[in-house]
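The basis for the numbers below is simple: all heavy atoms, side chains too, and nothing from hydrogens, waters or symmetry mates. Everything numeric here is computed off the predicted structure, so don't read it as measured data. Numbers here are sequence positions counted from 1.
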Amino acid sequence: LYLQSKLSNPHFRPEIAAQCTIINFIVTESGLEEQLLAMVVNVERPELEAERSELVRKQNDFQMQLAKLEQDLLESLSQADPATILENKQLIDNLENTKRTSTDISIQQERARVTEIEINKQREFYRKVAAEAV
């Protein structure tokens with residue numbers, strides 16, 4: 001499956017972005033440096049680059065999960081009877097579950113941000129090599 005766009009910086013929904021590899025054929029010096037940095041880190045510290053890749057995958061999964069929760073919640077609310085909405089046990093349980101899950105995801109996203117900062121600090125050690133290659 002190939003998706004093609006004439007946009008210089010296309011934005012895809014999280015479901016699509018998680019299932020595709022987005023290739024940008026417009027190369028800038030900083031973009032090329034980032035690609036070379038990823039290659040250098042992958043050779044020198046493959047575990048660090050693997051951790052970074054896993055982190056990106058988890059962030060995409062979180063976004064997809066939040067989008068699904070939102071969609072399910074909106075669907076439940078739209079199907080609920082307005083007269084008995086406060087007594088609808090299933091809807092209330094669904095709201096509680098959504099709230100709990102979104103809180104858990106928020107906590108995990110905050111941990112991921114901290115981890116990403118640490119990984120980027122370690123990757124910066126190799127930036128000189130990548131900059132030289134450009």
Side-chain angles (χ1 to χ4, degrees):
L1 175 65
Y2 293 97
L3 297 176
Q4 188 171 338
S5 173
K6 291 183 179 182
L7 300 173
S8 61
N9 190 13
H11 294 282
F12 297 108
R13 293 183 314 202
E15 302 87 32
I16 294 173
Q19 296 176 353
C20 297
T21 300
I22 298 173
I23 301 172
N24 187 352
F25 289 103
I26 300 174
V27 178
T28 62
E29 189 172 330
S30 63
L32 185 58
E33 185 177 321
E34 284 298 319
Q35 289 177 7
L36 291 170
L37 178 61
M39 292 173 141
V40 169
V41 172
N42 197 27
V43 169
E44 295 294 324
R45 303 250 332 253
E47 74 285 349
L48 189 65
E49 197 61 27
E51 187 178 353
R52 183 179 164 279
S53 296
E54 180 65 19
L55 192 63
V56 169
R57 189 192 61 76
K58 282 183 181 179
Q59 291 287 39
N60 286 339
D61 289 346
F62 292 154
Q63 292 299 327
M64 286 177 35
Q65 198 173 6
L66 284 173
K68 178 157 178 32
L69 284 172
E70 181 181 342
Q71 183 64 33
D72 292 345
L73 181 60
L74 290 173
E75 187 176 311
S76 296
L77 287 171
S78 69
Q79 293 175 354
D81 182 19
T84 61
I85 196 165
L86 295 176
E87 290 128 16
N88 189 337
K89 183 70 174 160
Q90 182 181 3
L91 179 61
I92 293 170
D93 290 343
N94 188 10
L95 283 169
E96 288 296 322
N97 184 35
T98 301
K99 180 181 175 184
R100 188 173 38 255
T101 305
S102 67
T103 303
D104 291 344
I105 288 174
S106 296
I107 291 168
Q108 291 175 5
Q109 283 181 323
E110 186 56 39
R111 287 181 190 156
R113 280 188 205 101
V114 171
T115 305
E116 182 179 20
I117 290 169
E118 291 300 317
I119 289 172
N120 287 337
K121 282 180 185 176
Q122 294 176 20
R123 289 178 83 223
E124 284 302 312
F125 179 74
Y126 299 99
R127 183 155 309 271
K128 290 179 186 176
V129 175
E132 257 325 289
V134 175

Between [atom1] on residue [X] and [atom2] on residue [Y], distance to nearest 0.5 Å:
{"X": "Leu36", "Y": "Asn42", "atom1": "CG", "atom2": "CG", "value": "12.5 Å"}
{"X": "Phe125", "Y": "Leu48", "atom1": "CZ", "atom2": "CG", "value": "12.0 Å"}
{"X": "Glu54", "Y": "Thr115", "atom1": "CD", "atom2": "OG1", "value": "11.5 Å"}
{"X": "Asn60", "Y": "Ile16", "atom1": "CG", "atom2": "CD1", "value": "12.5 Å"}
{"X": "Glu34", "Y": "Leu37", "atom1": "CD", "atom2": "CG", "value": "5.5 Å"}
{"X": "Lys99", "Y": "Glu96", "atom1": "NZ", "atom2": "CD", "value": "6.0 Å"}

Side chain proximity check, Leu77 to Leu73, heavy atoms < 4.5 angstrom: yes
May I ask you to test the Val114-Arg111 pair for a side-chain heavy-atom distance under 4.5 Å? no
In this structure, are over 12 heavy atoms from other groups packed under 6.0 Å from [X] atom [atom1]?
{"X": "Gln90", "atom1": "CD", "answer": "no"}
{"X": "Phe12", "atom1": "CZ", "answer": "yes"}
{"X": "Gln122", "atom1": "CD", "answer": "yes"}
{"X": "Arg57", "atom1": "CZ", "answer": "yes"}
{"X": "Met64", "atom1": "CE", "answer": "yes"}

Salt bridge (charged side-chain N to carboxylate O under 4.0 Å, His left out) evaluation trace for Arg52 with Glu49: CA-CA 5 Å; Arg52 183 179 164 279; Glu49 197 61 27; 3.2 Å; yes
Return yes if some donor-acceptor pair links the side-chain N/O of Thr101 with the main-chain N/O of Thr98 below 3.5 Å, else return no. no
Criterion side chain to side chain contact (heavy atoms under 4.5 Å, CB included) on Ile117 and Lys121, from CA distance to verdict: CA-CA 6 Å; Ile117 290 169; Lys121 282 180 185 176; 3.9 Å; yes
Show your reasoning for whether side chain to side chain contact (heavy atoms under 4.5 Å, CB included) applies to Arg127 and Glu33. CA-CA 8 Å; Arg127 183 155 309 271; Glu33 185 177 321; 3.0 Å; yes
What about Val129 and Met39, same hydrophobic cluster or not, with Ile/Leu/Val/Met/Phe/Trp/Tyr joined at side-chain heavy-atom distances under 4.5 Å? no
With sequence neighbours left out, what residues match Gln109 under side chain to side chain contact (heavy atoms under 4.5 Å, CB included)? Gln59, Phe62, Gln63, Leu66, Ile105, Arg113
Taking all non-hydrogen atoms of both residues into account, name the closest pair between [X] and [Y] and its distance.
{"X": "Asn94", "Y": "Asp72", "result": "ND2-O, 4.1 Å"}
{"X": "Ile85", "Y": "Leu91", "result": "CG1-CD2, 3.4 Å"}
{"X": "Ser102", "Y": "Leu69", "result": "N-CD1, 4.3 Å"}

Trace of the side chain to side chain contact (heavy atoms under 4.5 Å, CB included) decision for Arg123 with Glu44: CA-CA 10 Å; Arg123 289 178 83 223; Glu44 295 294 324; over 6 Å; no
